[in-house]
Amino acid sequence: KMKSKDPIIVRKVVKEEASLLTEVQINTFMETFAPFNTEENMRQYISDSFSEEKVEKELADPHSTFYFAVGKGIPVGYLKVNASAAQTDLNDPLSLEIERIYVLQSMKGKKIGKKLMEQAFLHAKNMGCAYVWLGVWEMNRPAIEFYEYAGFRVFGEHSFVLGEDIQKDLLMRKDVI
């Protein structure tokens, strides 16, 4: 068990870590959404979105960047950000999308999400972006509250397909200061 004094380091994921990233993505996604969705829809989404082949392709995309939050040498969370062409929606060259930001359940409440969020804003600032945006499932209250606390505000919505289920994501944004 990690103590609160143990440092969490945020670092870029390298292509040789595709299988580790795949494992972390599946674990955090399952922990977060399995209780609220059917097993079939979860299985289909994971198979479509987190195959090692797809993850390797995403890691090779120059417009997408992954970061691990690492504690004691072990990834405990991760972040995926997308610039213009890789974005799931807006494709605004002045924006950076946070497509995924997840922390293992056992590590929540240790400010790891905040560190990953700070990394996203540093990335956006370094790229000269005006704002950061993301989509969050309308039913994911803890995530919405985290983003609101971080200063994000709702500006729209879009559909998110999980297996056979079409869900509504709220689009939220925050200006880079």
Side-chain angles (χ1 to χ4, degrees), residues 1-14 17-59 64-82 88 97-121 123 132-150 152 154 157-172:
K1 185 136 171 84
M2 288 184 60
K3 295 179 211 70
S4 59
K5 290 189 278 295
D6 291 328
I8 297 293
I9 295 148
V10 175
R11 66 163 178 80
K12 225 178 236 192
V13 177
V14 295
E17 295 175 305
S19 63
L20 180 59
L21 177 60
T22 300
E23 185 184 322
V24 172
Q25 288 187 109
I26 291 169
N27 289 343
T28 55
F29 195 83
M30 287 296 292
E31 282 183 343
T32 306
F33 299 112
F36 310 102
N37 294 281
T38 68
E39 193 177 322
E40 298 77 30
N41 284 340
M42 290 295 292
R43 194 178 357 218
Q44 185 178 340
Y45 184 83
I46 285 169
S47 153
D48 293 346
S49 302
F50 300 130
S51 70
E52 204 159 321
E53 182 184 14
K54 182 155 198 284
V55 173
E56 285 171 359
K57 196 173 166 185
E58 289 178 337
L59 277 167
S64 293
T65 308
F66 287 88
Y67 294 93
F68 274 142
V70 180
K72 291 190 175 178
I74 300 165
V76 294
Y78 79 100
L79 165 72
K80 180 185 182 198
V81 292
N82 297 320
T88 60
E97 175 192 21
I98 295 175
E99 183 181 353
R100 301 184 194 128
I101 181 169
Y102 288 95
V103 175
L104 290 170
Q105 293 290 348
S106 62
M107 298 303 292
K108 294 228 168 132
K110 299 181 188 301
K111 308 255 186 258
I112 297 167
K114 183 177 187 277
K115 281 187 175 231
L116 289 167
M117 184 68 72
E118 288 167 356
Q119 181 62 52
F121 276 88
H123 190 103
V132 174
W133 70 275
L134 54 84
V136 57
W137 187 31
E138 65 177 341
M139 307 300 275
N140 190 347
R141 282 303 322 154
I144 293 167
E145 289 168 9
F146 170 74
Y147 300 134
E148 287 174 341
Y149 183 77
F152 282 78
V154 174
E157 58 187 52
H158 69 184
S159 295
F160 179 87
V161 182
L162 184 92
E164 302 290 317
D165 189 21
I166 299 171
Q167 301 178 349
K168 183 168 78 175
D169 275 2
L170 301 176
L171 298 178
M172 301 180 81

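Worth knowing before you read on, the calculation uses all heavy atoms, side chains too, and leaves out hydrogens, waters and symmetry mates. By convention here, the first residue in the shown sequence is residue 1.
- Under the 4.5 Å side-chain criterion, counting only non-hydrogen atoms from C-beta, E58 is in contact with K80.
- For the pair M117/I98, a side-chain contact is recorded, criterion being any heavy-atom separation below 4.5 Å from C-beta on.
- The two residues L79 and A120 make their nearest non-hydrogen contact at CD2-N, 3.8 Å.
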Worked verdict on V76 versus K110 for side-chain contact (heavy atoms from CB on, under 4.5 Å): CA-CA 11 Å; V76 294; K110 299 181 188 301; over 6 Å; no

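- Although no hydrogens or angles enter the test, the distance criterion places no donor-acceptor pair under 3.5 Å between the side chain of N82 and the main chain of S64.
- With rounding to the nearest 0.5 Å, the separation of CD in E56 from CG in L59 is 8.0 Å.
- Ring geometry for F29 versus F50: interplanar angle over 60°, hence perpendicular rather than tilted (30 to 60°).
- Scored by the side chain to side chain donor-acceptor pair (under 3.5 Å) test, T88 finds E97 as partners (sequence neighbours excluded).
- Taking each heavy atom of F152 and L134 in turn, the nearest pair found is CE2-CD2, 3.7 Å.
- Contact of the I26 side chain with the T22 side chain is registered, since non-hydrogen atoms from C-beta on lie closer than 4.5 Å.
- Contact detail for V136 and A143: the closest heavy-atom pair is CG2-CB, 3.7 Å.
- Salt bridge status for E53 with K57: absent, with no side-chain N to carboxylate O gap under 4.0 Å.
- In this structure, E31 contributes its side chain and Q105 its backbone to a donor-acceptor pair below 3.5 Å.
- Closest heavy-atom contact between A69 and I112: CB-CG2, 3.5 Å.
- Here the side chains of W137 and L162 are not in contact, with every heavy-atom distance at 4.5 Å or above.
- In the displayed structure, K111 atom NZ is contacted under 6.0 Å by at most 12 heavy atoms of other residues, nucleotides or ligands.
- Inter-residue side-chain proximity for K168 and H158 is flagged as unmet; no heavy-atom pair is nearer than 4.5 Å.
- Residues L171 and V154 have side chains not in contact (no heavy-atom distance under 4.5 Å, counting atoms from C-beta outward).
- Rounding to the nearest 0.5 angstrom, the gap separating the OH atom in Y147 from the CG atom in L170 is 11.5 Å.
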Verdict with supporting geometry, F66 and V81, side-chain contact (heavy atoms from CB on, under 4.5 Å): CA-CA 7 Å; F66 287 88; V81 292; over 6 Å; no

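- Under a 3.5 Å cut-off, the side chain of T28 and the backbone N or O of Q25 do form a donor-acceptor pair.
- Side-chain atoms of N41 and E164 include no donor-acceptor pair closer than 3.5 Å.
- Expressed to the nearest 0.5 Å, how far CD of E138 lies from CD of E157 amounts to 7.5 Å.
- The minimum heavy-atom distance between P75 and V24, with the atom names listed, is CB-CG2, 3.8 Å.
- With hydrogens and angles disregarded, a donor-acceptor distance shorter than 3.5 Å links the side chain of K115 to the backbone of I8.
- Aromatic ring orientation, H123 versus Y67: perpendicular (interplanar angle above 60°, classes split at 30° and 60°).
- Here the NZ-OG distance, from K54 to S47, works out to 11.0 Å after rounding to the nearest 0.5 Å.
- Pairing each heavy atom of E52 with each of S19, the nearest pair is OE2-CB, 3.2 Å.
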Stepwise side-chain contact (heavy atoms from CB on, under 4.5 Å) test for V103 and F146: CA-CA 12 Å; V103 175; F146 170 74; over 6 Å; no

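- Taking OH from Y45 and CZ from F160, the interatomic distance works out to 3.5 Å, rounded to the nearest 0.5 Å.
- Rounding to the nearest 0.5 Å gives a distance of 10.0 Å between OH of Y78 and CD1 of I101.
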